[in-house]
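All chains are named by letter (A, B, ...) in the order of the sequence lines, taking the proteins before the strands, and each is independently numbered beginning at 1. Since this is a predicted model, take the numbers as computed values, not measurements.
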Amino acid sequence: MSNSLETAQHPETLRRIAIDPISRVEGHGKVTILLDENNHIHQVRLHIAEFRGFEKFIQGRPYWEVPVMVQRLCGICPVSHHLAASKALDAIVGAKQLTPTADKIRRLMHHGQMLQSHALHFFHLCSPDLLFGFDSEVSQRNIVGIAAKYPETARRGILLRKYGQEVIRHTAGKRIHGTSSVPGGVNKSLSLAERDELLKDSEEMVAWSRDAVQLVKELHFKNSELYNSFGAFSANIMSLTAADGSMDLYDGQLRGRDAAGHIMFDGVKDQDYTTLIAEQVKNWSYMKFPYLKTLGPEQGWYRVGPLSRVQNCDFIATPLAEIERREFIAYSGKSLLHAPLAYHWTRMIEMLHAAETIRDLLHDNDIMGSDLTVRGERGFEGVGIIEAPRGTLIHHYRVDENDLISMCNLIVSTTHNNQAMNEAVRRVAQQYLHGHEITEGLLNHIEVAIRAFDPCLSCATHALGKMPLEVEVLDASGEQMSYLARAGDGASINC
Amino acid sequence: MNNPTFTLDGKTIPFTEGQTIIQAAIAASVYIPHLCFNPEFKAHGSCKLCTVKANGRKTASCTAQPQPDMIVESNIQELNDERRALLQMLFVEGNHFCPSCEMSGQCQLQATAYELNMMSPHFDHFFPDRPLDASHPEYLLDFNRCILCSLCVQASRDVDGKNVFALAGRGINSHLIVNASQLAETGFSGDDKAAHVCPVGVILKKRVGFVVPVGQRKYDLLPISALAKGD
Ligand code: SF4
Ligand code: FES
């Protein structure tokens, strides 16, 4: 673990490069790099806009509105926010244990989200880099290029995602921004017709997800040196696990391991997350840096998401995903595999787990039950934690005696990964940019590293595989020395 | 003797003595857009959404009475354009955030905007600051959405005999008030008629938001113009 390259000694003497991807939903993400005259790198920072606005304007709103309102902070994984908020607010209405129908409908919705998000990320956003190469011809490096060269892969990617969206539509009411999860339960279950419609293709989705794991695994094996070293850095990891240690993406307790894989903490209840995690503010980023209190801000940062989850749990309860998890663990050896590009492999293992879970839930008649909500003793504070596609997502609310929100704290997955993504970008800058002239292909190396984490900004800006980018090289006095831009259509503009 | 008739957009509509144009239209299952009119209350013609052309002259159909053989035009571009502009003004004067509003799918303002193909608010938002009144244990007032239709004022005064609500201020400063410092201190009760007349999402029963799933909400299946009473 290293924080070198976070702050240069004499920034005033260095050239500054800004890689500026423009984000449509979450605001702005950019990378700045400080170089000397020999193109040696002295400082690299990834900056991402934060969601502070929501924490503020949710205050004073009635609590039952929150699950529907907060999901609007993301157009890509709204279900995660919808569910994390509902889970937090279950405590407000005193719902200690949801009805089986409510619990399973929420889980079904969540795994539908996992399936569609992971499929989108792998097939639409990343497979062009992985199948064609990071600095392959830019006009080909997108889903359209994939469809031309690998039509079956592209077709399955699209249909897997569509299936996940259909699961969401039937459980949440709409494909995006549904309303069915309410404090204390859900407002609908599945009809027999809805269940049958989803059941029809469920086995095929499992089979295709399994093939996707094979595909990404082959890519990893074929280029193992690159995949294991690209942007690699070691880090602590954190995720929820179920009480029995299995992977649980919807609910559970927090577990963390150090970079060597030793368990540092386990069984931390969601309501107690503040005993574990604090957030640090840095003057150069809008996004906070969460860290483990026991280790402090320098050593206590951690990585979340598929790469952490697959290595953090003791087993996966669905059989096919468990076979894949074991193979991954056997491959990584005794300690943890920290390579950012291994995110893809673990993400596909999770997609397989999601597909299996969906199929199994569809065979459970509870999802068609009519007992939808429970109420108990009114509470005034609640925390909901969920494993969103991108990692651990924390929602924390206080509600006053008039039912209005008085405090809201959100720690989103991308924020947990803030330091980790910075580290990855620094490694890649060191490995590939250090001492070189910048080219579009080199720029894409930075993006490939960021994209591996699947941060929201990459989804929002990258639907066609062409993140608009600007790189500006300025000399110490601020004069522009060179400029490279890539338009949203992928064309390079050299100025 | 047969009832007298008038024509509404070419269709023959019978009417009886004392009926307004909109009442006769509703009885004949013809929709005229409206917001401040509710068949259960005396019309007061304030929102102007129901404006029609009667023998070429513009008039509020919720207050105007038809004449035999009158030619009434309602569903014509000129009037619909004006109605859309009125709706857009209502949307920007208050804070109408449909995406997170618990009345979405059950709101007459939203349904009417869909009916009239309102695609954007067009005008600049006012973003007024209107804090909620959550003092009552069972009901919440979210003033952000008030369109000043007066229906709650009428219901509380004329049906409940309570005068809980009133409109205060004039013109652009008009706003809804309650007859105490907050709702909990008025005699308001969930059994009041006033608790159930708001066409938008101001007077809300607490803790039941979003219980109706998407697909089963009032305007999910049919547009407002196809509903029996047109509301
Ligand atoms: S609160 Fe509702 S019923 Fe009362 S005036 Fe406002 S919009 Fe009309
Ligand atoms: S409905 Fe006639 S003026 Fe409002």
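If you take CD on A:Glu401 and OG on B:Ser135, they are separated by 11.0 Å, rounding to the nearest 0.5 Å. Atoms CD and OG, on A:Gln71 and B:Ser100 in that order, are 9.5 Å from each other to the nearest 0.5 Å.
Minimum interatomic distance between B:Arg207 and A:Tyr63 (heavy atoms only, all atoms of both residues): CG-OH, 3.2 Å. Taking both residues in full, the closest heavy atoms of A:Pro62 and B:Leu132 are given as CD-CD2, 3.6 Å, listed atom of the first, atom of the second, then distance. Between A:Arg61 and B:Arg145, the closest heavy-atom pair is NH2-NH2, 3.3 Å. The nearest pair of heavy atoms linking B:Pro213 to A:Lys188 is CB-CB, 3.9 Å.
Within 6.0 Å of the CZ atom in A:Phe380, the count of heavy atoms belonging to other residues, nucleotides or ligands exceeds 12. Shown here is B:Glu78, whose CD atom has more than 12 heavy atoms of other residues, nucleotides or ligands within 6.0 Å.
Of the two parts of B:Asn144, only the side chain, counted from C-beta on, holds a non-hydrogen atom closer than 4.5 Å to a non-hydrogen atom of chain A.
When the candidates B:Val208, B:Asp142, B:Val212 are compared by the number of heavy-atom contacts under 4.5 Å with chain A, B:Asp142 comes out ahead. No other option in B:Glu102, B:Gln216, B:Lys206 has as many heavy-atom pairs under 4.5 Å with chain A as B:Lys206.
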In sequence, state the C-alpha distance, the side-chain angles, and the governing distance for A:Leu404 and B:Leu140, and then conclude on side-chain contact (heavy atoms from CB on, under 4.5 Å). CA-CA 10 Å; A:Leu404 304 184; B:Leu140 171 81; 4.1 Å; yes
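In this structure the side chain of A:Trp64 never reaches within 4.5 angstrom of the side chain of B:Leu204, judged on heavy atoms.
Looking at A:Asn187, its side chain does come within 3.5 Å of a backbone N or O of B:Phe210 through a donor-acceptor pair.
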